[in-house]
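Below is one structure; the comments refer to it alone.
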Amino acid sequence: MDEIELYGHIHGQLIKTASALAILLIVGALGMLFLLRPLTGKVVLRTGKLESRVSEQTLVLQNQLSALQQAEKSLSRSEERLRLALDAANAGTWEWDPLTNENFWSEELWKLYGLEPNSIKPSYEAWLQTVHPDDRWKTEQVVQVAAANRTDLIAEWRVRHSDGKERRLMSRGKPVPDADGKSIRYLGVVIDITEARQMEEQQRQINRRFRLIFERAFDAIILVDMEGVITNGNPKLLEILGYSQEELFGTKIADYIHPADLAAIPLNLYQMTPEVPLRIERRMRRKDGRYLILDISANRVDENTVMGIYRDITERKRIEDAQMFLAQCGWMASGEDFFQSLARYLAENLGMDYVCIDRLAGDLLEAQTVAVYFDGYFEDNVVYRLKDTPCGDVVGRQICCFPTDVRHLFPNDVVLQEMLAESYVGTTLWNSQGQPIGLIAVIGRQPLANPQLAESMLKLVAVRAASELERKQGEDELVKARKEAESANRAKSEFLANMSHEIRTPLNGVLGMLQLLETTYLEEEQKEYVEVAINSGNSLLTVINDILDFSKIEAGMLEIKEEAFDLHHLLNSLQKIFSNQAQKKGINLHYGIIGRVPRRIIGDSARLRQVLFNLIGNAIKFTADGEVRLTVQPEETGETEVLLRFSVQDTGAGIPPEKVEYVFETFTQLDGTHTRQHEGTGLGLSIVKKIVKLMNGSVSVESRVGVGSTFSFSLKFKLVQLAQNEKSIKGETLLDAVPAALRILLAEDNPINQLLARKMLEKLGHQVTVVENGRKAIAELEKERFDLVFMDVQMPVMDGVEATRRIRSDTSNSYRTDIPIVAMTAMAMAGDKEALLENGMDDYVSKPIGKNQLESVIARVLKKRYNF
């Protein structure tokens with residue numbers, strides 16, 4: 001009998017025992033009365049003939065009388081106790097002689113039988129008629145058997161009272177033999193046990209309910225004695241732990257608790273009290289060796305038993321742990337990306353051997369792995385076909401699970417066959433538009449221990465994995481687009497460089513020859529033609545330079561340099577450049593310095609010159625009469641820096657208000673009609689804005705139609721800090737220090753450029769030797785000594801870059817190693833000059849070249865090389 005039934009059983013037994021004790025007390029008292037009854041009769045005194053014995057008999061009589069009086073007093077007390085006991089027990093008494101059928105019923109017995117007192121003559125038959133018909137035969141059999149065997153009588157039956165109510169009675173009788181032992185009388189008692197039997201039935205109902213709850217509970221229930229031995233448990237306990245009753249009951253509970261969790265379990269169960277239950281989470285070992293995470297509620301139910309209620313929260317805790325992992329994954333400093341971390345996590349937490357996370361191809365028939373984790377190691381990513389694999393069954397489904405026998409279901413899957421796979425679970429990854437973009441597959445060599453947990457975990461991680469995969473695809477597409485854009489940009493740059501080279505080469509010949517022609521004797525009409533041709537060539541060169549500058553800026557390859565320069569000299573040179581153009585249009589060109597503007601500053605003079613060149617040229621172009629004025633003034637002046645504001649103001653046609661915001665846009669011309677009066681590429685002001693922005697400044701415009709426009713920008717420059725002992729060259733310029741005649745080697749493959757460069761150099765007073773490729777240049781240097789080399793970059797047989805490397809690497813001849821080499825090329829893209837300098841060239845001149853350009857570069861490289 002188990003503990004739960006024991007409680008009800010004890011309760012019922014207590015009721016039965018109380019009833020039995022009452023009956024025994026009553027029967028015993030009746031028996032005592034029956035034995036004492038002879039003493040209550042008259043006492044017959046025997047007289048003898050010998051009067052000598054009178055005194056003795058008198059004394060005996062007195063003693064007997066005294067004993068009789070004591071017995072009568074005892075009997076009276078017993079009768080009183082009996083009456084009180086019967087009243088307390090609500091019991092009636094009876095006597096029955098089976099031979100004479102003589103009956104005696106107490107007053108209480110009539111009430112119990114539901115009869116009026118003395119309404120009938122008490123008899124065995126009268127009693128039998130009061131018994132419920134359904135109980136009559138059985139009850140009579142009990143009585144007859146007891147009487148026949150002269151044994152104690154115990155019977156239980158129902159009676160139906162006149163009000164229709166049924167009562168349940170129980171009688172106990174004891175046989176009392178006569179003095180001769182031949183006949184017996186039964187003395188007994190009857191009590192009403194209706195309430196007791198109802199309580200017993202209620203307890204049985206409670207026991208049945210408790211048993212039903214115990215056996216069908218969703219939680220495991222375990223009973224442990226005070227020594228920690230498992231004494232009982234419900235079917236759920238056996239189910240979650242995987243043991244049979246014979247294997248589990250009788251063993252120590254401590255043998256199943258994870259060693260690391262034993263410290264939290266009170267080994268002395270006597271310390272537990274009903275008032276202080278224990279609530280903990282601990283791991284317990286299943287029969288298959290896996291540990292479950294259990295939520296345990298334990299309480300001491302009596303002095304010998306502790307009851308525990310176990311709830312398996314393994315899945316919940318694993319899901320919570322997975323949620324925590326997903327919140328942290330991708331931010332951990334493990335060196336693994338999200339998909340590698342996820343693959344490792346799934347393998348370790350599901351106890352599986354192989355995890356792959358895949359990206360689906362466009363036709364959904366192929367997959368490319370983004371992370372593969374196999375037996376504790378990451379493998380290279382591959383592309384594989386989904387046909388004949390369980391992954392093919394996954395695509396388009398939320399979850400797909402094969403807990404056992406998976407390799408036999410897919411005999412053509414090489415991975416399953418090689419690893420002897422037994423179980424598989426997979427899920428589809430969906431993008432934000434609801435389209436399948438990937439999958440997760442988890443494979444094991446053993447049957448899937450907990451399919452529900454595996455499915456729940458994959459469903460959970462699939463949401464984050466899908467978003468990460470979608471993000472990764474977006475990044476990959478962005479990288480691909482960037483590479484394509486960079487490739488297109490490189491192609492554009494290469495195209496512009498090639499076009500620049502192809503245009504500049506003949507343009508170099510045209511302008512060069514025109515410049516040489518200009519130095520000869522010409523008639524006035526011829527001079528006019530030459531001048532127009534030179535101006536046209538320079539206009540074409542300006543267009544080419546604008547396109548190249550724009551390309552450099554768009555490619556992010558336009559560099560801003562910092563070097564000391566003379567601002568006043570820069571402004572004077574601009575005035576000289578544009579003065580002739582302004583005079584021809586009949587407009588005045590002014591420039592002015594307002595306030596204390598430093599003469600020597602540090603910045604990119606070339607880019608500043610380019611910005612001012614574009615603004616002044618634009619102002620002159622759009623001004624028919626009046627003036628163009630350039631002003632410079634300081635806005636802020638510090639110890640090491642100065643902020644200067646430059647303004648170019650004209651009295652031209654002005655810009656309509658609705659078009660002001662478009663003047664700095666690329667390829668924009670305010671007059672886009674076929675009848676426009678001014679030509680141009682529409683790049684000038686766009687380049688101005690971009691260069692000023694690269695120099696950390698901003699440009700603005702104020703304009704009124706018919707009044708004119710003012711373009712302004714502010715730039716910050718560093719101040720030149722002159723040392724006390726710094727000396728400046730006085731009385732002579734840098735060009736004055738250049739030797740009058742140099743021996744120059746010219747390496748150029750184009751005949752026109754050969755003629756042009758040679759003539760210009762000779763007009764500067766130098767001796768020139770011409771070769772057509774880099775190999776001949778090296779050979780010429782081995783034969784002759786030269787002061788300077790002009791090296792074309794693009795030549796047949798051996799280009800100028802390779803020739804320069806070989807010249808610089810020839811350590812056997814320090815003369816050739818140190819000779820100044822100037823690159824001469826039509827390439828003018830961003831990075832060209834730097835690349836040439838890195839390959840050993842000293843300076844760079846871009847075609848088309850001019851006499852002044854050649855003269856300046858010769859002076860620079862000689863000063864740099866020989867420091868004169």
Aromatic plane relationship, Phe402 with Tyr424 - under 30° parallel, 30 to 60° tilted, over 60° perpendicular: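 Tilted, since the angle between the ring planes falls between 30° and 60°.
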Parallel, tilted or perpendicular: rings of Phe325 and Tyr345 (30°, 60°):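 Because their plane-to-plane angle is under 30°, the rings of Tyr345 and Phe325 count as parallel.
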Using a strict cut-off of less than 4.0 Å between a Lys/Arg side-chain nitrogen and an Asp/Glu carboxylate oxygen, indicate whether [X] and [Y] qualify as a salt bridge.
{"X": "Asp375", "Y": "Arg445", "answer": "yes"}
{"X": "Arg197", "Y": "Glu156", "answer": "yes"}
{"X": "Lys236", "Y": "Asp312", "answer": "no"}
{"X": "Arg311", "Y": "Glu281", "answer": "no"}

Aromatic centroids of Phe104 and Trp96 separated by under 6.0 Å: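 Here the rings of Phe104 and Trp96 have centres that are no less than 6.0 Å from each other.
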Tyr124 ring center near Trp127 ring center (under 6.0 Å):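 Between Tyr124 and Trp127, the centre distance is under 6.0 Å.
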Enclosure of Glu201 CD (heavy-atom neighbours >12, cutoff 6.0 Å):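 Check passes, neighbour count above 12.
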Arg209 side chain to Leu212 backbone, donor-acceptor under 3.5 Å: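 No, the answer is negative, given that no donor and acceptor are paired below the 3.5 Å cut-off.
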Ile230, Leu248, Leu241 screened by side chain to side chain contact (heavy atoms under 4.5 Å, CB included) with Ile222, the one that passes: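 Single pass found, and it is Ile230.
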pair Asn234-Arg216: side-chain heavy atoms closer than 4.5 Å: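 SC-SC contact between Asn234 and Arg216 ruled out.
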Non-hydrogen atoms of Phe214 and Gly233 that approach each other most closely: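 For Phe214 and Gly233, the tightest heavy-atom pair comes out as CZ-C, 3.6 Å.
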